[in-house]
Amino acid sequence: MEPLAVTLLPGEERVIDKDIMYICPFSGPVKGKVFITNYRLYFKSADADPSVTLNVPLGAIGRVEKMGGASSRGENSYGLDITCKDMRNLRFALKQEGHSRRDIFDILFRYAFPLSHGLLLFAYLSQEKYEENGWSVYKPMEEFRRQGLPTDKWRITFINDSYELCDTYPTILVVPFKATEEDLRKVSTFRSRGRIPVLSWIHRENQAVICRCSQPLVGMSGKRNKDDERYLDVIREANGTAKLTIYDARPSVNAVANKATGGGYEGDDTYQNAELVFLDIHNIHVMRESLKKLKDIVYPNVEESHWLSSLESTHWLEHIKLVLSGAIQVADKISGGNSVVVHCSDGWDRTAQLTSLAMLMLDSHYRTLRGFQVLLEKEWISFGHKFASRIGHGDKNHADQDRSPIFVQFIDCVWQMTKQFPTAFEFNERLLMTILDHLFSCRFGTFLYNCESARDTNEVRSKTVSLWSLVNSDSTSYLNPFYTPESSRVLYPVASMRHLELWVTYYIRWNPRIRQQQQSPVEQRYMELLALRDEYLKKLEELQLTDSSPNSSHLSNSSAPNTASPTQHITHLHTPF
């Protein structure tokens, strides 16, 4: 076996090598060799100049198909067609004689979709070791204490300790102090999947809260539940909110239609001290089709002639706008001292987008590198966003109707915020892209399974590595050099279409023309200056050490304030908007 041009991860093993032709959409057919391991597909061109390489985690593969048949005419018409989950497709051609693709097709199919073949996801085979243990990033009790909980109005309950109240919720919940465990059980019978309203975030000064839940089980006959009505009123009373705002993420027609399947919404007549607001965000199927359309216009070739109308016809940015503007409304209500309840149908897709984005706007802690990790662990992972169903880790059923890019859309919304507030976030774009790459890769346990109870059953914390172990062991790579901490600032991004832009460096990054311009020149120059500063400081230190004569005392004294001064200047960089 020839040496592999890429370093294998601990636990990664080679499965097959094969001479193959990569049909590159940018530079035409390229001869080379493909290596398949239990983690990735790696291709290296044989003699192309410049050389062409592909390095694709198998988890990013959504579909593998055979292209052409033994009797196909035309050059390079026989081979494999690979559809990826990360906005690219790959085509490989082989020689037509003797079923030359059978072995590679079978191996690829087996290792790209391990769960469909009774195999383990790579995260369970990985032997990676890091200094930092990412599983310790999020400790629910610590995070609630940071928020100032419990209070005389809000208590911590362990009623869901063994997932009996709700099997898709975390074990530690914050509920109104006045609500008894019995009340919680009664409310859970009237909420879809038992996902009762619980606290996500509390405002330190005005004590307004963001609560999240699923839809009430009103049904066609307009059922009522006195316990549920009283429970929402207790949430309202906790900080003296006059009218509790219930944000239903759905378009009102969809919410009404949900009555037919036993769901529904809180009617004004039954929930008297509440007002209901529909946010018009579409469902998972609409989002899936929208991103599919976006992929069509950016891969492999960017639609040049009617770019703006093509982009508009995907509706992707319109959906981003609706999600952001919903979160802005939530944050604005909370800032004004009014408590809110947020739900969609089940409370694990649109609800997670809205609560986490509103929390990002309201609480600067979540805009730090570690705080952002806590936000994802809390609002997405622990509250049961169905990562396994939405992404389809290790599963061959590419047409599954449960697949949807809800989390990708959320990260896009975060990116839009970082563009509008370049100094407000401690982390950079690279962190967001790394998160999305490993959403698919199956190298870490962080995004596996649908909920905490499934993660417990599958021993994710003890048998896999956390993505935050990788990130926090190399945190400088993920820091934004322009970050200026401002603890009390609420960020209100502009959600109008004119201010939103397509995240080109993510969606179009496979295009070589885009790849060349990835880091912004300003950031690049800034990083160079920082490196230069470090170099000078190092030289200064060396000079102090070598020159330990009495004369040098004035140098060492004066150097102390100077070391800090570059950062002092930097702090006052504000971007006008």
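Numbers here are sequence positions counted from 1.
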Q. Which residue pairs pass the salt bridge (charged side-chain N to carboxylate O under 4.0 Å, His left out) test when at least one of the two sits in residues 250-260, sequence neighbours left out?
A. Asp248-Arg250
Q: Tell me yes or no: between the side chains of Asn133 and Ser136, is some donor less than 3.5 Å from an acceptor?
A: no
Q) More than 12 non-hydrogen atoms from neighbouring residues, nucleotides or ligands closer than 6.0 Å to CZ on Arg288, yes or no? A) yes
Q.
I'd like to check the salt bridge (charged side-chain N to carboxylate O under 4.0 Å, His left out) partners of Asp167; sequence neighbours left out, ordered by chain and number.
A. none
Q.
Can you see whether Ser126 engages Arg443 through a side-chain donor-acceptor pair at a distance of less than 3.5 angstrom?
A. no
Q | Trace of the salt bridge (Lys or Arg N to Asp or Glu O under 4.0 Å) decision for Asp395 with Arg403 | A | CA-CA 11 Å; Asp395 174 21; Arg403 304 269 178 104; 3.6 Å; yes
Q: Output, in order, the C-alpha distance, side-chain angles, deciding distance and verdict of side chain to side chain contact (heavy atoms under 4.5 Å, CB included) for Ile320 and Gln409.
A: CA-CA 7 Å; Ile320 295 282; Gln409 189 175 54; 3.9 Å; yes
Q. Does a donor on one side chain and an acceptor on the other come within less than 3.5 Å for Glu452 and Thr171?
A. no
Q) Does the side chain of Trp380 come under 3.5 Å of the side chain of Ser356 through a donor N or O and an acceptor N or O? A) yes
Q) Which residues pass the salt bridge (charged side-chain N to carboxylate O under 4.0 Å, His left out) test with Glu164, sequence neighbours left out? A) none
Q: Examine the side chains of Glu266 and His343 and answer whether a donor and an acceptor come within less than 3.5 Å of each other.
A: yes
Q | Pairs satisfying ring-ring contact (aromatic ring centres under 6.0 Å, His included), at least one member in residues 444-472, at least two apart | A | Phe387-Phe447, Phe407-Phe447, His438-Phe444
Q: Say whether, by atom type as modelled, one donor and one acceptor occur between the side chain of Asp17 and the main chain of Lys33 under 3.5 angstrom.
A: no
(Q) Quick one, Glu304 with Arg513, criterion salt bridge (Lys or Arg N to Asp or Glu O under 4.0 Å). Give me CA distance, side-chain angles, the key distance, then yes/no. (A) CA-CA 13 Å; Glu304 292 291 355; Arg513 291 218 327 264; 3.3 Å; yes
Q: Only one of Glu379, Arg350, Lys378 passes side-chain hydrogen bond (donor to acceptor under 3.5 Å, both in side chains) with Thr355; say which it is.
A: Glu379
Q. Does the distance from a Lys or Arg side-chain N to an Asp or Glu carboxylate O, for Arg195 and Asp346, drop under 4.0 Å?
A. no
Q | Under 3.5 Å side-chain donor-acceptor pair for Ser305 and Glu303 | A | yes
Q. Can you find a side-chain donor-acceptor pair between Asp412 and Gln416 that sits under 3.5 Å?
A. yes
**Q.** Under the side chain to side chain contact (heavy atoms under 4.5 Å, CB included) test, residues paired with Lys396 that sit two or more places apart
**A.** Phe109, Phe113, Ser116
Q: Have a look at Phe372 and tell me which of Phe427, Tyr138, Phe425 forms a ring pair (Phe, Tyr, Trp, His ring centres under 6.0 Å) with it.
A: Phe427
Q | Between Glu429 and Trp503: side-chain donor-acceptor atoms closer than 3.5 Å | A | yes
Q | Presence of salt bridge, Arg390 and Asp349, under 4.0 angstrom | A | yes
**Q.** Contacts of type side chain to side chain donor-acceptor pair (under 3.5 Å), residue Arg110, not counting sequence neighbours
**A.** none
Q. Do Cys166 and Arg193 come within less than 4.5 Å of each other through their side chains, counting heavy atoms only?
A. no
Q: Flag the pair Leu108 / Ile61 as yes when at least one side-chain heavy-atom distance between them is below 4.5 Å, and no otherwise.
A: yes
**Q.** Worked verdict on Tyr247 versus Leu354 for side chain to side chain contact (heavy atoms under 4.5 Å, CB included)
**A.** CA-CA 9 Å; Tyr247 286 106; Leu354 291 166; 5.6 Å; no
Q) Going by heavy atoms in the side chains, are Met287 and Leu291 under 4.5 Å from each other? A) no
Q. Do Thr37 and Arg14 come within less than 4.5 Å of each other through their side chains, counting heavy atoms only?
A. yes
Q) Do the side chains of Asp296 and Ser310 get nearer than 4.5 Å, heavy atoms only? A) no
Q: Check the pair Phe43, Val30 against side chain to side chain contact (heavy atoms under 4.5 Å, CB included), reporting the backbone distance first and the verdict last.
A: CA-CA 10 Å; Phe43 170 83; Val30 182; 4.3 Å; yes
Q) Could you walk me through whether Tyr22 and Phe92 pass the ring pair (Phe, Tyr, Trp, His ring centres under 6.0 Å) check? A) CA-CA 5 Å; Tyr22 166 47; Phe92 291 102; 5.6 Å; yes
Q: Tell me, yes or no, whether the heavy-atom count around His306 atom NE2, taken from other residues, nucleotides or ligands under 6.0 Å, exceeds 12.
A: no
Q: Report the C-alpha separation of Lys223 and Leu217 in whole Å, then their side-chain angles, then the decisive distance to 0.1 Å, and conclude whether the side chain to side chain contact (heavy atoms under 4.5 Å, CB included) test is met.
A: CA-CA 7 Å; Lys223 288 194 193 71; Leu217 302 176; over 6 Å; no
Q: Give a yes or no on this: more than 12 heavy atoms of other residues, nucleotides or ligands lie within 6.0 Å of atom NZ of Lys85.
A: yes
